[in-house]
2 protein chains.
Amino acid sequence: MPNNGHQLNPMVSQLQIDTTFDLSTYLKEQKALVEKALDNSITIIYPEKIYEAMRYSLLAGGKRLRPILCLATCELVGGNIEMAMPTACALEMIHTMSLIHDDLPAMDDDDYRRGKLTNHKVYGEDIAILAGDGLLAYAFEFVAAQTKNVLPQKVLEVIAKLGKAVGAAGLVGGQVVDLDSEGLAEVSEETLSFIHTHKTGALLEASVLCGAILASASQDSLDRLSCYAQNIGLAFQIVDDILDITATTEELGKTAGKDIAAQKATYPSIWGLEKSRSQAQILVQNAKAELEVFGEKAMPLTSLADYIVSRTN
Amino acid sequence: MPNNGHQLNPMVSQLQIDTTFDLSTYLKEQKALVEKALDNSITIIYPEKIYEAMRYSLLAGGKRLRPILCLATCELVGGNIEMAMPTACALEMIHTMSLIHDDLPAMDDDDYRRGKLTNHKVYGEDIAILAGDGLLAYAFEFVAAQTKNVLPQKVLEVIAKLGKAVGAAGLVGGQVVDLDSEGLAEVSEETLSFIHTHKTGALLEASVLCGAILASASQDSLDRLSCYAQNIGLAFQIVDDILDITATTEELGKTAGKDIAAQKATYPSIWGLEKSRSQAQILVQNAKAELEVFGEKAMPLTSLADYIVSRTN
């Protein structure tokens, strides 16, 4: 994780709470916009099966956290939702691709995802592999072809960042180390940190940064947002690990208790539940502290940070 | 296949043969340039296994036809090799990804490729899936981040074209129909044509067009090159089908006789060997006719067209 100094800031955010901001309504509205754009992004043509398989997983619900983060940072630094929507959709296509491939029998071998049968359980392994490939390729095509009213150089920066976040230097690399660590008697905190900063952190950070890049954010803003993203990314993963222990399969929409069953190293397994919870809280406070300079405009992002530690699925 | 009128041109190319042009030397030189750029494109860092798996298949030899076509069209319309090299490498990364995933047990289940064990036979299925994903993501990152001295808008056009060529509207869609057609008693010429224009044709056409786009080619040049590409793409596939019957596994570097074993519809199975050979010749003549306006500068591309029908592996 690059250290630009910001995450060492010990000051805890004391942002005044704007009582007019309702996160739940905000998330609902943004999610609806994203769902509509995703629905419009893929039309079913011949050969229908592949488009259906891509849509099956892409439109299977989920929090749409990555697209919402992307839209929020674009607006934060003076852009608008239209500029960022193709990238927001691409982030969800990439995230969905990673879920489809992670669920394959050769990988995590999971039957349920977001409360529904996994892609390969419905369409078969061959189509699931191809649906993932199709979504990944389409994500880049979609950003390149559909982004309007943004400097082309900024769109290229976004594409490079998306590619890096999902490739061997990001998500793919994190998954490799994760697979290698499964069932090991001991996994160091360093290895666990590598897994999470790559497997979930990289794409979350890209989500936060890409929205801002599209709106030509300053380097200082990008540095602050990068730090915000790294902190909420790690908090998100810690909470994920906690929920795997404390929540039911029904609440999660995916198999609960999997980490223990797979003897997977997690933050609770290293730190225990209590320390994991308090670390997540500290990370969220650090994340929020980075956004103070933006004032009330940052309310969606600070509320999202709080939501990450308080969520139950 | 879009019909822009060019492929209906009945005139057969009577280009004067420039006896100073030696295709074999040209291919050797261009291939060496591409191999060097590919070798430099991926450095092995932690987690080493994924980078090694990506390099294993990317540097496993092969004709490097797609990169060479891309470099050739860029030069043809006034660009230079440096402008097109990142895209040339990306084309080979995408092609390699498609081979790694096609060879998986859930797909064509093949043990050998380019005379070596397939990726999953060496690294396991999980890593092979991830190596493909990593190469696909890196291809887009590489074009976006490494292309120099090209208008950013042109780079975006190239990325959109690459994405379309590999996604459901291209390679992935062709593979889906191919898998569906395997073992069927009857496959129509229309279906076979869909498979090939998508599974091999789309990326070959992108190879030809992307080089020219980077050098800001005129629409007329792009139309001619598109037609050239469609003709050599189909000829290439017909020859592939012929070689699967007539060549040995050793000559091919991959399992020969696979199509018959899999009861796969091929051009020889529909037309017979003789008609397949003559159709390939006609397509190559049509391809060459499109390039007459470019004069001697088109020699690499016209020679490549001839090479496609005369190759033995």
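None of these values were measured; they are calculated from a predicted model. So that the names make sense, note that chain A is the first sequence line, chain B the second, and so on, each numbered from 1.
- For the options A/Ala131, A/Gly134, A/Ala144, heavy-atom pairs under 4.5 Å to chain B are most numerous at A/Ala144.
- Summarising the geometry, atom CD1 belonging to B/Ile129 is positioned 7.5 Å from atom CD belonging to A/Glu125; distances are rounded to the nearest 0.5 Å.
- Neither the backbone nor the side chain of B/Ala128 comes within less than 4.5 Å of any heavy atom of chain A.
- For A/Lys161, the NZ atom is loosely surrounded, since the number of other residues' heavy atoms within 6.0 Å does not exceed 12.
- The two residues B/Pro152 and A/Pro152 make their nearest non-hydrogen contact at CB-CB, 3.7 Å.
- The 12-atom threshold is exceeded at CG of A/Asn40, counting heavy atoms of other residues, nucleotides or ligands nearer than 6.0 Å.
- What you find for B/Ala160 and A/Ala145 is that their closest heavy atoms are CB-CB, 4.1 Å.
- Using a 4.5 Å heavy-atom threshold, the side chains of B/Leu162 and A/Phe140 count as separate.
- For A/Lys116, the NZ atom is densely surrounded, since the number of other residues' heavy atoms within 6.0 Å is greater than 12.
- In this structure, CG in A/Leu179 is found 5.0 Å from CG in B/Asp126, a value given to the nearest 0.5 Å.
- Contact record, A/Ile50 with B/Ala168: CG2-CB, 4.1 Å, taken as the closest heavy-atom pair.
- Side-chain contact check for B/Asp133 versus A/Val166: every heavy-atom pair is 4.5 Å or farther apart.
- In this structure, CD in B/Gln153 is found 11.0 Å from CD in A/Gln153, a value given to the nearest 0.5 Å.
- In this structure the side chain of B/Ile159 reaches within 4.5 angstrom of the side chain of A/Leu156, judged on heavy atoms.
- When each of B/Tyr138, B/Phe142, B/Tyr46 is scored by its heavy-atom pairs under 4.5 Å with chain A, the top score falls to B/Tyr46.
- Contact annotation for A/Ile42: neither backbone nor side-chain heavy atoms come within less than 4.5 Å of a heavy atom of chain B.
- Between A/Leu130 and B/Val176 there is a side-chain heavy-atom pair separated by less than 4.5 Å.
- Counting heavy-atom pairs under 4.5 Å between each of A/Ile94, A/Val177, A/Leu151 and chain B puts A/Val177 at the top.
- Surrounding NZ of A/Lys164 are at most 12 heavy atoms belonging to other residues, nucleotides or ligands under 6.0 Å away.
- With a 4.5 Å cut-off on non-hydrogen atoms, A/Ala169 touches chain B through its backbone and its side chain both.
- Two residues are said to be in side-chain contact when any heavy atoms from C-beta on lie closer than 4.5 Å; A/Asp180 and B/Lys49 meet this criterion.
- More than 12 heavy atoms of other residues, nucleotides or ligands shown are found within 6.0 angstrom of CD on A/Glu48.
- By number of non-hydrogen pairs under 4.5 angstrom with chain B, the leading residue of A/Glu157, A/Met54, A/Glu141, A/Gln175 is A/Glu141.
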